[in-house]
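Some notes on the structure that comes next.
Since the structure is predicted, the reported quantities are computational estimates derived from the model, not experimental observations. Excluded from the calculations below are hydrogen atoms, water molecules and symmetry mates; all remaining heavy atoms, backbone and side chain alike, are included.
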There are 2 protein chains.
Amino acid sequence: MGRKPNQSPLRRRITIHDVAKETGFAVSTISNALAGKSHVSEETRARIQEIAERIGYRASSAARSLRLRQSLMIGVLVADVANPASPDFLRGIEDVATQNGYDVLLCNTDGSEKRQIAQMRALLDRNVDGIILISQHCSSPEIRALLADGTPYVLLQRRTSLHADDYVGADNVNGIGEAVAELARLGHRRVGFIRGPADSSTAAERYEGFCNAVAQHGLDPDPALVHDGDYSVERGYRVTLDFLSSSRPPSAIIASNDMNALGVLDAAAAKNVQVPEQLSVIGYDNVIFAGFARISLTTIDLPKREMGAAAATLLMKRINSRRRSAPKTVIFPTRLVLRGSTGPAAEPQSAAASHNRIRSKQEKDRP
Amino acid sequence: MGRKPNQSPLRRRITIHDVAKETGFAVSTISNALAGKSHVSEETRARIQEIAERIGYRASSAARSLRLRQSLMIGVLVADVANPASPDFLRGIEDVATQNGYDVLLCNTDGSEKRQIAQMRALLDRNVDGIILISQHCSSPEIRALLADGTPYVLLQRRTSLHADDYVGADNVNGIGEAVAELARLGHRRVGFIRGPADSSTAAERYEGFCNAVAQHGLDPDPALVHDGDYSVERGYRVTLDFLSSSRPPSAIIASNDMNALGVLDAAAAKNVQVPEQLSVIGYDNVIFAGFARISLTTIDLPKREMGAAAATLLMKRINSRRRSAPKTVIFPTRLVLRGSTGPAAEPQSAAASHNRIRSKQEKDRP
DNA sequence: TTGTATGCGTTATCAC
DNA sequence: GTGATAACGCATACAA
């Protein structure tokens, strides 16, 4: 309309041409100088930098992205930012991404495959240079097709056995193994186990670890001690009610993760079952609240931030090496963190044990 | 080097030209058809859409961004993703952003102004169409300069009195007012208050609300009942130790927020002070763990997701209206959520009250 | 060492 | 209703 060309509030973007005009050099020289190329004398570079700074020149990343066919962004798909474990992974990723000049495009998938596909498409449209998938679906045909697009990606916290991908995870089998060992040491014979979602590789590994350890320590292998579940508080609550009302309830429960364990604790409280006197509880993840004095949940710690950083590092390597090399797998060790939710088994034959509570390695809870 | 042009793993991107070639139409027609412009016959549009879909055409957002001078991305600056309140705000933002075709570029500032400035610059370089600042610094000269750049922005959860900005917040004064009223009703006369960070407008408003309410209800205005603090668990813990060891300790404490209240609870436990029998505690934010049975913290709820959505909506409006209009402020009401951490004051004169615990509106804790 | 010209993939303007 | 063409701002091959 009647909008004048140089109307003040709509000031034109300062481009590389402006710097060229101002300095008297050609645009290519500006570009080279600012990009740190070697073909330009130090004094020209200095002069160019100074002027560019002075007139407030900032390269357009859209133009650069179009030209270079790369965006200096990575996409991160997370099932749920609100899960207390997610932010730690994110921080690790962000740390190394930023360090390498990359920005992070974050997407929530809500665990929905449909949403995940839409988000992945959006990310690919944006020309992200790589993608990190945290606890995401990764076997469906559509998703494999998207993944096969050529954009590097790394799986974090969930993998698939069907495909060879870059993967960063934790030693889930051993993690659960330690937990079971501790319970065995405390005299527990019947240990309940809440499985995570059926499609979670992490949950499957933990279950495998559980079975191994139960056999190894000669605990009761009663199949009634294993309940299917997911990662929710609600499910932990309901499954625990089932456990407690069964004819031979377990003296300890290993939950699918910390959130799930919360449900277990709540259910125990609702049934007036004392923790750990009558029931020991172990979670997984060591999220922030597990350490609160009011909760004091024994759990299996994952180096979440380090894992995120490792995933991002792996992704950076993929991005920067053009030739395809074999998929890499990085597995981090876990660590059993003993707190107040575990104690000696209070079974008839060892009633005495519940008096002299042995919690040798009990962690001192910080304020 | 010897890299052949059409080397298979580096297959060329499918562009609008490919669709043009395949359909026989001109690129401009393709563009119009796909963009839903009206100047194209329905059958052409259908045909184009079908072919585009079939050959897997996806528009390059870099090119579009360059051409349109907008990125369809918004930047979100958050002090700390790991704070349990942040994800809720984020979700609200993401909801409406996605709905409007925008993606979210997320940045952690760690509460550091330096980092914040760097991140804002990065965001601006990326041509984000707008920025949402959650609980961020917003008065320093550098930041004001960046904000003045012309890119629309909305402040969420922290504002500045010095400048007129778009702002979405909660009715902090009234929120604390209700909390104090409830404590007064329960017979508390000496209520401790932990202030949030000095540079937080939210904290300042809450303090103002506290002072008002104390006066209104005729509570003890003893200045020793107000401690400076921040939002951390640690500070809540330390301040509470101080409170409890003073000559005339408060019978109730209002913490700066829920995390802070956690510290209060931990300190009370450490000193064997029963909550709520000997000490009532109120938090702020109603984060997820406040509702856990083990914590059961009375707190002031903010509609965080709605607030995030409102901020994003406001931002969308700004982006889509070229002319500057007056800054808007949206204030959401708060809601006092009664749980197990508050009870009747156990002061000498009202010892009876502690027997018939009146918790009229006590929320039934979900499993 | 510096300058010129071209293309990256879109959309908008205009002509047909 | 449809088509040709000119930007958008940058990086780079190649010429000077």
Item to check | Residues Asp110(A), Ser112(A); criterion side-chain hydrogen bond (donor to acceptor under 3.5 Å, both in side chains); working and verdict | outcome: CA-CA 5 Å; Asp110(A) 275 339; Ser112(A) 142; over 6 Å; no
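Between the CD atom of Glu43(A) and the C1' atom of dT1(C) there is a distance of 11 Å, given to the nearest Å. A straight line from NZ of Lys21(A) to P of dG3(C) spans 14 Å, rounded to a whole angstrom. Atom pair Ile30(B):CD1 and dT11(C):P shows a separation of 11 Å (rounding to whole Å applied). dC8(D) atom C1' lies 14 Å from atom CG of Asp18(A), rounded to whole Å. Following rounding to the nearest Å, Arg47(A) (CZ) and dT1(C) (C1') show an atom-to-atom distance of 16 Å.
Without hydrogens or angle criteria, Ser86(A) side chain to Asp80(A) main chain gives a donor-acceptor distance under 3.5 Å. Side-chain atoms of Asp129(A) never come within 3.5 Å of backbone atoms of Ile74(A) as a donor-acceptor pair (strictly under, hydrogens ignored).
Screening Lys328(B), Arg159(B), Arg144(B) for a side chain to side chain donor-acceptor pair (under 3.5 Å) with Asp165(B), the sole residue that qualifies is Arg144(B). Among Leu77(A), Val76(A), Leu124(A), Leu105(A), the one residue that satisfies the side chain to side chain contact (heavy atoms under 4.5 Å, CB included) test with Gln119(A) is Leu77(A).
Here Thr44(A) lies in heavy-atom contact (under 4.0 Å) with sugar-phosphate atoms only.
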Checklist entry - What string of B, S and - do you get for nucleotides 9-16 of chain D 5' to 3' if you count protein non-hydrogen atoms under 4.0 Å? => result BBBB----
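The number of heavy-atom neighbours closer than 6.0 Å to CD of Gln70(A), taken from other residues, nucleotides and ligands shown, is above 12.
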